[in-house]
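Worksheet for the structure shown next.
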Amino acid sequence: MADYPYQEIEQKWQRRWERHKTFTTPTRPDTSRPKYYVLDMFPYPSGVGLHVGHPLGYIATDIVARYKRMTGHNVLHPMGFDAFGLPAEQFAVEHGVHPRETTEKNIANMVRQLKALGLSYDWDRAIATTDEDYYRWTQWIFLQLYNSWYDVEADRARPISELEVRLAAEDPSWTARTEAEKEAILGEYRLAYLAEVPVNWCPQLGTVLANEEVTNDGRSERGNHPVFKRPLKQWMLRITAYCDRLVEDLDLVDWPEPVKIMQRNWVGRSEGARVDFRIDGRDDQLSVFTTRPDTLFGATYMVLAPEHPLVDAITTDAHRDAVAAYLRDASERSDVDRMADAKSKTGVFTGAWAINPAGGKRIPIWVADYVLMGYGTGAIMAVPAQDERDWAFAKTFDLPIVRTVSPPVDHDQDAPYTGDGPAINSSFLNGLHVVDAKARMIDWLEETGNGEGTVTYKLRDWLFSRQRYWGEPFPILHGPNGEIQAVDEEDLPVKLPPMENFRPEATDDPDAAPRTPLSRAPASWREVELDGVTWERELNTMPQWAGSCWYYLRFVDSRNDNAFVSPDLERYWMGENGVDLYVGGVEHAVLHLLYARFWHKVLFDLGHVSTPEPFGRLFNQGYIQAWAYRDARGVAVSVEDVVDQDGRPAVEVQDQPGRQFFAHGEPVTQEYGKMGKSLKNAVSPDDICERYGADTLRLYEMYMGPLEASKPWNTRDIVGVNRFLRRVWRNLVDADSGEPLVAEQEAPRELLRALHKTIERVTVDMNRMSFNTAIAALIEFTSELVPLDRIPRTVAEPFVLLLSPLAPHMAEELWERLGHASSLACEPWPEADPALFEDDQLEVVVQVNGKVRGSIRVAADAGKDTILSAAKADENVQRHMENGTLRREIYVPGRLVNLVVS
RNA sequence: GCGAGAGUGGCGGAAUUGGUAGACGCGCCAGAUUUAGGAUCUGGUGUCCGAAAGGACGUGGGGGUUCGAGUCCCCCCUUUCGCACCA
């Protein structure tokens, strides 16, 4: 080795960039130039540090950032840390130190690792969500939510004070109400509100979890502990007010289509109707939501979810015991069991009957757990003939089935029919197809007062409090009589109190009352005296998601003490499309992106930001995967300990067929999965940087394949790009003297042509983030340089610039040795001259009947006739044309000739 | 079950609108250089037939459109991801 002193060079330039603040974006940028805001989804500062999978996206955005600087943009390219939340806290608990200490140590280590990759972040803007200067504004945004309501008519959020004015004007008794009464009403409107809701209570974690943090089988995503439903008073955010806009505004952004689909599905908008059923012999009615109002005549029974509030009231004495037994069973059945036998339906008759408003028939009301309380009204009208689930239930309990959509003749008689067809057995709907029948039925429901057309959403309001220490405290005070008061903006931040014991109160008892860590905080923190009254602080903290909901805004103006962001800087950096490029993994396709969009829209409505959407363009990088090995017990074995049957290390042969693998003499099985510590297949960037250098690591990660694809890490393959870099070095630097091997003379035409072709290819590839092919182009061009003793300066300099976003350390060093005193970071990007890269000779392929039979070289300006006759003159072509007559001649300019013969 | 994506040499991958399939890299083979190893350089490398020229086959499978299909259309298989009794 030794011909390319990468360690020396990389340290030198990393230090120089830092000292010269090369990548610091001025607080007041020259706004006459275009801006480019390129952002990574910021990481948790975890204790184990990075593996080579993490920086994949960071390297890509760094290349984009460097490229954009060279094309005349003001670039904003910051990095920060999502440092609150369960992982940080649990790490701290396990290691017995304060989370702040752990967090800071982890951040420092991660910063070191990131800097070692030569990433051109503006570190002066770095933030952690745990900084008091940061979460002060997280709390401030929470107050914006708390102090706002959603005006449905104006279709936007407005200050709650405006609602008070309106209520006072509309309701003469308003002024006479007590403060508590007023607050109770306002609480129904606030975007942040307290509510007693059934929540996912996890005793072992000592906290409640959002639905999204609970797995399908009713366990915590983190730690896999049992989770129980229980009612608790919690802070909620009224994200449901934004359902429609969260769906509609997806049309405004350039995001991967699958992510948009996932978001739409998550919001789960569905159009249908509310239908009210009278309960026979009672005054109250039962409302259901259906997407198939056209099938109302086929509704032969009704079903309530076990948790439905009317169950108890309508159940007749004769059925009371059976219903009670069923409810008990249902509450004990875990979601797993419910899922496992989704096909076999269970349920119980309540003894009550409803009246189908269409036709007036009496239909039985059942309770069954296939109806979920969390969707629609928690009750359904069952139409077995047109619904799979209702059909299965009706068959199980022998309930009547009436077809109201005529199935096609070939349709299975013993199956429900959910497709389109003319209505039958449906009075005034008969003959209408589904779409028209729906519309007609909705009209009828509205005319007769039996219901109305409505829209239902799957998305629920966002459960926003956690029983944790390591999160943002709420800026909220509770009065002695249950009053609620926001902390004054001037008194923010509400800092986390220093505590010795910040552990959550874990217990195995599902009924244990939650005691949050902050409830053990000293009274001096917990209690606040205002005008002689003692208020107690809110003792919950905010969830992990809070800090990551708005960090992209803070980066714009991260040291501002007077505002969360100054309006003019926000307008410049977030202008037009918000963040111009946002790169991260698909795992954030729904939650983080939906929550951040929601906050952004609230801030937009209140006039604090200027764009309706935060992230104009989203890009999901793929995962880095790797081979992994397990022993006979199924325990993951470190890859380094594995060899094949010939004793060759697994890393060299793991992608080849016909191998058996062994660790310590024992056979192991091979599998393939996402890189990480659980599979023991993680590779540290530190090791790769030490052995090959950061430029090689950057190049390899980009060269592996398309950025959006998941692909396997193969340490063996790294030598390829490393050889390339060393070749570049040898070509441009004299091994003995270290002098640049450049020639101050004109470049030969052929070399210039190759250079400009390369500029063109690399530029196109940069713009479409196709870095693997950009590198391939540079490798090909380098082969042209190899035979030269000296490289003409007019070729060497553009080449170094082309290389610089990808391998910045080497490029800077070469640039300096070529005689430049300052960094190339803002040098103009080379421009391809079409006059130079066009060939004067073309190679045209000649096909006979679509098969390649030869190729001819012609002058670039040759006409069609010349080319055709040259094609026909080719010896091999003639041989294939002998046995037929020429029927057709196809000429694709500059590419190929196809002669059709029969 | 529903929805989305992906299947190309031994491996990673390339082929922007239908126009030479396999660029570039790894690995492998051969040669040069070197005391040796390493490194470097040169050439070769989809499969099959052939000494070569050349030919046949070939982008998960089957059909189709076209002068021409990895690319467009229909059916099927495999696989990854997301959602999952959402009325």
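The chains referred to below are lettered A, B, ... by the order of the sequence lines, with proteins before strands, and numbering in each begins at 1. Computed from heavy atoms alone, side chains included, the values below leave out hydrogens, waters and symmetry copies.
Applying the side chain to side chain contact (heavy atoms under 4.5 Å, CB included) rule to A:L778 yields the partners A:F724, A:T758, A:V762, A:F799, A:L802, A:L803, A:L806; only residues at least two apart in sequence or on another chain are considered. The side chain to side chain contact (heavy atoms under 4.5 Å, CB included) check on A:V651 picks up A:V639, A:P649, A:Q654, with sequence neighbours excluded. Residues passing the side chain to side chain contact (heavy atoms under 4.5 Å, CB included) test with A:V901, sequence neighbours excluded: A:V848, A:N849, A:M881, A:L886. Here A:E257 pairs with A:R264 under the salt bridge (charged side-chain N to carboxylate O under 4.0 Å, His left out) rule; sequence neighbours left out.
In this model, the phosphate group of B:G55 is approached by a side-chain N or O of A:N876 to a distance below 4.0 Å at OP1 or OP2. For B:C26, the OP1/OP2 oxygens have a side-chain nitrogen or oxygen of A:R723 closer than 4.0 Å. Between A:R895 and the phosphate of B:A15, there is no side-chain N or O to OP1/OP2 separation shorter than 4.0 Å.
Nucleotide B:A23 forms no Watson-Crick or G-U wobble pair with any nucleotide shown, as no partner meets the under 3.5 Å limit on both distances.
Here the separation of B:G60 from B:G9, taken at their C1' atoms, is 15 Å to the nearest Å.
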Exercise for review: Give the B/S/- string for nucleotides 43-52 of chain B, one per nucleotide from 5' to 3', where a protein heavy atom under 4.0 Å of the base yields B, of only the sugar-phosphate yields S, and otherwise -.
Suggested key: ----------

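Closest to the A:A776 side chain, of the nucleotides B:G25, B:A23, B:C85, is B:A23.
For RNA chain B, the neighbouring residues in residues 696-706 of chain A, judged by any heavy atom under 4.0 Å, are A:Y703, A:M704, A:P706.
Rounded to whole angstrom, the span from the CZ atom of A:R761 across to the C1' atom of B:A23 amounts to 7 Å.
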